[in-house]
Amino acid sequence: HGHKDSHGHAHGEHSHGHGHGHGHGAATGGEGDRSSSSKLPPKRRSGCMGCYAASADPFALQEMIEESKRMEEEPKEPEMTIEEKNSKKIKAVEATRIDGKQFFQKGDYRTALQIYKRGALICNGIYDLSDELWTVVQEHEVVLDVNIATCHLKLTEYQEAIEKCKMALAIDKKCVKAHYRMAQANLELLEFEDAEKSLEKARECGLQTKTLSAMRQKITEARKEQRKKTRNFQRKMAAKLASGAA
């Protein structure tokens, strides 16, 4: 008991075979005898309680030991089955639809977009489902894809909206809203023929007559406006060419 190494650290009756012996002159004189490798101290290994105790707060060390014991003694919660995990994920997807809608209604389309995207991502991480639950997840994913497309429309990101509509239609080719949103995006891009095609598919899938008529009117007016702009541009160009020739 009570012997000290060259640093003066008090060790117990067991040395653990780790001598610290850095030899600053107190034990060997000067820088220590380096002529013989046998006198070199053994390499200190990490993870040794004896070495740790020499420098650590003994109270903190005791707390760590007791906490480790408590963790080992605590009963472990049984691991969830795949069915339970999937049920939890489906609830999370439903929550993203609700939360996203709240932000959308406030006009915070960017936040709504991120929430809807998270829901779609969760859908893609659900597997080993029964046919019935698989249908439920697919329905959620279609709705989320259309909601994402709608956010892109509000943010004037029309090409992204079209891509999301295509993803929804890859799951459900009769999704009225996906066809309609695609028609809206194509109209904004002045792709009138594509807009009319998407609108016609929406009609075939059951788009309400009132909505259909209103959208057709918008396409017709946008066509006329675009033609008018084109004619005006052509007149200006012709005038410039004529003045240049003169």
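These values consider heavy atoms only, across backbone and side chains, with no hydrogens, waters or symmetry-generated copies. The residues of the chain are indexed from 1 along the displayed sequence.
The line from CZ of R97 to NE2 of H140 is 5.5 Å long, rounded to the nearest 0.5 Å. To the nearest 0.5 angstrom, R227 atom CZ is 8.0 Å from R231 atom CZ. Atoms CH2 and CG, from W134 and N86 in turn, are 10.5 Å apart once rounded to the nearest 0.5 Å. We find the CG-SG distance between L153 and C165 to be 7.0 Å, quoted to the nearest 0.5 Å. Separating the CD atom in E225 from the OG1 atom in T230 is a distance of 10.0 Å, to the nearest 0.5 Å.
Ion pair R110/E157 flagged as a salt bridge, since at least one NZ, NE, NH1 or NH2 atom sits closer than 4.0 Å to an Asp/Glu carboxylate oxygen. Of the charged side-chain nitrogens involved, at least one lies within less than 4.0 Å of a carboxylate oxygen, so that R203 and E200 count as a salt-bridged pair. The pair K89-E84 does not meet the salt-bridge criterion, since no charged nitrogen lies less than 4.0 angstrom from a carboxylate oxygen.
The two atoms that bring C151 and Y109 nearest to each other are SG-O, 3.9 Å, heavy atoms only. Of all non-hydrogen atoms in T96 and I115, the two that sit nearest each other are O-CG2, 3.3 Å. Smallest separation of non-hydrogen atoms from H179 and C205: CD2-SG, 3.8 Å. Of all heavy-atom pairs between A222 and L187, the closest is CB-CD1, 3.6 Å. Contact between I162 and A185 at its shortest, heavy atoms only, is CG1-CB, 3.5 Å. Scanning all heavy atoms of the two residues, the minimum distance from Y116 to G100 falls at OH-C, 3.2 Å.
Taking the centre and axis of the six-membered ring of Y180, the NZ or CZ atom of K177 falls outside the cone set by 45° and 6.0 Å.
With sequence neighbours left out, the side chain to side chain donor-acceptor pair (under 3.5 Å) criterion links R216 to no other residue.
Proximity of T211 to M215: side-chain heavy atoms (C-beta onward) are nowhere separated by under 4.5 Å. E160 is not listed as a side-chain neighbour of K164, based on a closest heavy-atom distance of 4.5 Å or more. Contact annotation: the side chain of D172 never approaches that of Q138 to less than 4.5 Å [non-hydrogen atoms, C-beta and beyond]. Counting only heavy atoms from C-beta outward, the side chains of R223 and E196 approach each other to under 4.5 Å. Counting only heavy atoms from C-beta outward, the side chains of Q159 and H152 never approach each other to under 4.5 Å.
Under the 4.5 Å side-chain contact rule for hydrophobic residues, M182 and Y158 share a cluster. Cluster annotation: V136 is not connected to V142 through the hydrophobic network of ILVMFWY side chains, with a link wherever side-chain heavy atoms come within less than 4.5 Å.
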Would you list the atom pairs, donor with acceptor, under 3.5 Å between side chains in residues 117-132 and any protein atom, with sequence neighbours excluded?
residue	atom	partner	partner atom	Å
N124	ND2	A120	O	3.3
S130	OG	L133	N	3.3

**Study point:** Check against side chain to side chain contact (heavy atoms under 4.5 Å, CB included), T150 and F104
**Key:** CA-CA 10 Å; T150 306; F104 186 89; 3.7 Å; yes
Review point. Do V137 and V93 pass the side chain to side chain contact (heavy atoms under 4.5 Å, CB included) test, and can you show the C-alpha distance, the side-chain angles, and the key distance before you say yes or no?
Key: CA-CA 9 Å; V137 172; V93 170; over 6 Å; no
Exercise for review: Begin with the C-alpha distance, continue with both residues' side-chain angles, and end with the deciding distance and a verdict on side chain to side chain contact (heavy atoms under 4.5 Å, CB included) for N186 and L199.
Suggested key: CA-CA 10 Å; N186 278 311; L199 188 61; over 6 Å; no
Exercise for review: Might you work through the side chain to side chain contact (heavy atoms under 4.5 Å, CB included) test for V146 and C175, ending with a clear yes or no?
Suggested key: CA-CA 9 Å; V146 173; C175 179; 3.9 Å; yes
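Side-chain contact, R181 with Q184: a donor N or O sits under 3.5 Å from an acceptor N or O.
With N232 as the fixed residue, the side-chain hydrogen bond (donor to acceptor under 3.5 Å, both in side chains) test singles out one of R235, K236, K229: R235.
By the 6.0 Å contact criterion, CZ on F192 is enclosed, its count of non-hydrogen atoms from other residues, nucleotides or ligands being greater than 12. In K154, the NZ atom is not crowded: 12 or fewer heavy atoms of neighbouring residues, nucleotides or ligands sit closer than 6.0 Å.
In this structure, the side chain of T111 does not engage the main chain of D108 through any donor-acceptor pair within 3.5 Å.
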